[in-house]
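Below is one structure, written out as structure tokens; the observations come after it.
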2 protein chains.
Amino acid sequence: MIIDCHGHFTTAPPALGQWRERQIRAFEESGARVSPDELVITDDEIRAAIENGQLKLQLERGTDLTIFSPGAGKMAHHYGDAQTSLDWSQVSNDLIARVCELFPGRFVGVCQLPQSPGAGLEASIGNSVAELERCVEELGFVGCLLNPDPSDGYWQAPPLTDRLYYPLYEKMVELDVPAMIHVAMSRNEALQGTCAHYLNGDTAVFMQLCMSDLFTDFPTLKLILPHGGGAVPYHWGRYRGWMLDQKRPPLETMLNNVFFDTCVYHKRGLELLLDVIPESNVLFASEMIGAVRAVDPETGRRFDDTRFLLDQIPIKDRQAVYGGNAQRVFGRLK
Amino acid sequence: MIIDCHGHFTTAPPALGQWRERQIRAFEESGARVSPDELVITDDEIRAAIENGQLKLQLERGTDLTIFSPGAGKMAHHYGDAQTSLDWSQVSNDLIARVCELFPGRFVGVCQLPQSPGAGLEASIGNSVAELERCVEELGFVGCLLNPDPSDGYWQAPPLTDRLYYPLYEKMVELDVPAMIHVAMSRNEALQGTCAHYLNGDTAVFMQLCMSDLFTDFPTLKLILPHGGGAVPYHWGRYRGWMLDQKRPPLETMLNNVFFDTCVYHKRGLELLLDVIPESNVLFASEMIGAVRAVDPETGRRFDDTRFLLDQIPIKDRQAVYGGNAQRVFGRLK
């Protein structure tokens with residue numbers, strides 16, 4: 001069974017984006033709310049979006065199950081206030097739940113959290129605990145996306161290792177669900193989204209974790225760094241050296257809790273990932289349909305067809321990387 | 001001849017840091033200035049700092065020349081105002097010039113620029129043009145450090161491709177000097193300096209360059225991305241795909257103007273760098289003495305001894321990577 005642990009509903013029916021635009025505009029103009037009930041999307045619209053999109057590519061590539069979440073960039077946590085993010089998260093997560101119901105065995109949900117920056121940050125983590133619980137217990141989700149920069153490009157929040165986030169980690173451990181660390185959009189013109197802010201978010205959070213004792217406090221907490229861990233495997237020596245300089249535990253102890261996906265879009269990069277990071281910490285993923293959509297003229301395949309690339313790389317326990325590790329990290333998949 | 005294109009004077013005599021502290025405190029308390037003339041450092045103090053530090057390691061490792069600049073983190077452009085940065089840059093650059101004079105053939109200077117964030121940004125680029133000219137024409141320097149985030153961790157400036165920076169690029173082209181893109185410190189607790197902000201700066205700027213036509217406007221401008229280019233070579237496929245998605249020129253055209261140093265502190269990372277980036281775009285560097293100072297227990301050598309690592313890697317034109325490329329990119333080295 002091949003499990004793609006990183007897919008977003010980037011092809012959602014247009015009504016979703018239109019509702020979101022109305023929500024943002026109403027709040028900005030008058031502080032008004034737009035009810036989630038005003039969003040109408042039919043099952044046929046969802047089927048069309050999936051059958052012509054993610055399901056088609058699953059079948060073409062021979063992958064079985066996608067761990068599926070709302071569009072990451074579109075989480076855009078900086079808009080409005082904590083209630084804005086809560087309404088938007090519930091709308092987005094409910095839509096993911098409908099995808100999972102319509103395509104059983106093909107998609108399982110990971111939720112967006114109603115995070116919010118600035119003064120609302122702490123309250124928004126309280127809301128996130130409740131939304132995570134709802135999504136896991138009522139909708140059957142198996143994890144969440146956790147945004148280290150709800151200011152969307154200006155890095156205004158404390159590190160994810162701050163105690164402010166501990167109620168969320170307590171709930172994650174209790175429910176046995178991991179978080180994929182994933183920034184949302186960037187509204188900062190100096191930091192492009194998919195090729196700068198995304199990778200920088202992964203890199204920044206890995207270093208936050210290296211500097212803290214979060215995993216002493218939560219020994220069973222599991223975090224996934226997407227996009228192959230940003231710059232981390234390429235600079236593994238730098239991190240090893242820094243941990244030694246600072247008399248921190250060996251870098252390898254991070255691997256008890258931190259996992260890396262395979263969203264690296266060339267063979268040479270994936271080889272490095274699998275050379276540096278133990279196979280047991282690498283989870284198959286494509287981020288399909290997402291950041292890069294072109295066909296690579298060198299391979300004739302889409303850049304995000306990571307299965308095609310991984311199939312060419314020697315892997316000792318291919319079943320672990322392709323699905324077994326995901327079943328272990330997403331404990332509720334069993 | 002082995003040229004290390006990336007070294008900072010991190011071992012400067014303590015009087016330098018003490019002057020800087022007084023400068024910051026005086027400005028914060030009353031807006032007062034501390035005169036650069038108040039800094040007294042003897043030649044013997046400089047000799048001791050270099051002979052026990054960078055020169056010792058040059059001799060041990062068999063490298064010949066270090067392209068030498070002030071401590072990057074310590075540029076800390078966010079303090080004070082544009083005049084604060086100008087005084088500090090002149091003090092720092094004059095000290096580098098003294099190192100180069102005391103150790104001819106061993107060190108050649110690269111200057112810190114008097115950048116400043118916020119309202120003073122544009123004026124500070126004007127000051128930077130003048131300081132670059134002074135350093136190159138009067139002090140014999142061959143390049144500059146250019147900080148893409150003078151807010152030091154909050155990414156408040158426009159991208160380096162903004163026309164605001166064009167007077168600097170005009171002067172660089174006129175003088176035939178490259179810039180090493182290098183952030184300074186991070187004062188943001190979410191973004192650690194050497195292992196997060198540094199790498200993220202490299203990654204962010206590469207993407208700024210991908211999105212712009214800067215090199216159409218300045219076809220001979222040369223920029224060096226330090227720290228092996230942050231996340232860039234590891235994610236080369238992602239950038240290739242993005243350029244195709246956006247109907248931009250092929251990613252490889254960036255290699256006419258963008259160069260990568262070898263500050264990657266493990267062999268597998270360096271192998272990836274040299275597999276992905278053409279040898280003609282890779283410049284030997286160690287960032288010695290800098291971000292990581294420990295000895296790697298796996299090799300018995302310091303992590304920043306990149307020559308030891310590179311000597312083990314097949315390189316077609318070793319002379320180019322070890323020095324020839326630096327002589328080409330730093331045109332005034334000739």
Side-chain angles (χ1 to χ4, degrees), chain A residues 148-149 153-160 188-192 194-197 199-200 202-204 206-208 210-211 227-228 230-242 244-245 263-269 271-273 275-276 291-298 302-304 309, chain B residues 148-149 153-160 188-192 194-197 199-200 202-204 206-208 210-211 227-228 230-231 233-245 263-269 271-273 275-276 291-298 302-304 309:
Chain A
D149 175 25
Y154 292 98
W155 290 94
Q156 301 288 320
L160 286 182
N188 184 333
E189 63 168 343
L191 300 174
Q192 186 271 352
T194 53
C195 298
H197 190 46
L199 306 177
N200 288 0
D202 308 335
T203 307
F206 185 73
M207 199 56 197
Q208 294 174 5
C210 285
M211 297 170 77
H227 324 107
V232 172
Y234 177 45
H235 285 286
W236 197 245
R238 177 173 286 256
Y239 296 99
R240 282 186 56 237
W242 189 89
L244 281 164
D245 274 357
C263 293
V264 177
Y265 294 154
H266 61 149
K267 190 180 160 208
R268 191 59 191 87
E271 285 169 343
L272 176 92
L273 171 66
D275 271 354
V276 172
V292 173
R293 304 190 182 201
V295 168
D296 185 347
E298 286 183 10
R302 284 172 58 135
F303 281 94
D304 66 6
L309 298 172
Chain B
D149 176 24
Y154 292 98
W155 290 94
Q156 301 288 318
L160 286 182
N188 185 333
E189 63 168 343
L191 299 174
Q192 187 271 349
T194 53
C195 298
H197 190 46
L199 307 177
N200 288 359
D202 309 334
T203 308
F206 185 74
M207 199 56 197
Q208 294 173 5
C210 285
M211 297 169 77
H227 323 110
Y234 177 45
H235 284 286
W236 198 246
R238 177 173 286 255
Y239 296 100
R240 281 186 57 236
W242 189 89
M243 293 294 262
L244 282 163
D245 274 356
C263 293
V264 176
Y265 294 156
H266 62 149
K267 190 179 160 207
R268 283 171 291 191
E271 285 169 342
L272 174 97
L273 171 65
D275 275 353
V276 172
V292 173
R293 305 189 181 202
V295 168
D296 184 348
E298 286 183 10
R302 285 171 58 134
F303 281 94
D304 65 6
L309 299 172

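Below, chain A is the first sequence line, B the second, and so on; all start at residue 1. Here the structure is a predicted model, which means the values were calculated and not measured.
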Against chain B, work out which of [options] has the most heavy-atom pairs shorter than 4.5 Å and name it.
{"options": "Asp149(A), Leu244(A), Asp245(A)", "answer": "Asp245(A)"}
{"options": "Tyr239(A), Tyr154(A), Tyr234(A)", "answer": "Tyr234(A)"}
{"options": "Ala291(A), Pro297(A), Ala231(A)", "answer": "Ala231(A)"}

If I measure from the heavy atoms of chain A, does [X] come under 4.5 Å with its side chain, its backbone, both, or neither?
{"X": "Gln208(B)", "value": "side chain"}
{"X": "Pro233(B)", "value": "both"}
{"X": "Leu160(B)", "value": "neither"}
{"X": "Phe303(B)", "value": "side chain"}
{"X": "His227(B)", "value": "both"}
{"X": "Asn188(B)", "value": "side chain"}

Chain B contact via Val232(A) - side chain, backbone, both or neither, heavy atoms under 4.5 Å
neither
Interface moiety of Leu309(A) toward chain B, non-hydrogen atoms closer than 4.5 Å:
neither
Picking from Pro159(B), Pro148(B), Ala157(B), which has the most non-hydrogen pairs under 4.5 angstrom with chain A?
Pro159(B)
Between Trp155(A) and Glu189(B), is the side chain to side chain contact (heavy atoms under 4.5 Å, CB included) condition met? List the steps.
CA-CA 9 Å; Trp155(A) 290 94; Glu189(B) 63 168 343; over 6 Å; no
If the plane angle is over 60° it's perpendicular, under 30° parallel, otherwise tilted; pick one for Phe206(A) and Trp236(A).
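Tilted.
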Do Leu199(A) and His235(B) come close enough that some side-chain heavy atom pair is under 4.5 Å?
yes
Kindly indicate whether the side chain of Arg293(B), heavy atoms from C-beta on, has any atom under 4.5 Å from the side chain of Trp242(A).
no
Mind checking the CE-SG spacing from Met207(B) to Cys195(A)? Nearest 0.5 Å is all I need.
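Going from the CE atom of Met207(B) to the SG atom of Cys195(A) covers 4.0 Å.
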First locate atom OG1 of Thr203(B), then atom CD of Gln192(A), and finally report the distance between them rounded to the nearest 0.5 Å.
11.5 Å
Residue pair Arg268(A), Glu271(A): steps toward the salt bridge (Lys or Arg N to Asp or Glu O under 4.0 Å) verdict:
CA-CA 5 Å; Arg268(A) 191 59 191 87; Glu271(A) 285 169 343; 3.8 Å; yes
One thing to verify: whether Asp296(B) and Arg302(B) come together as a salt bridge, which I'm taking to mean a side-chain N less than 4.0 angstrom from a carboxylate O.
no
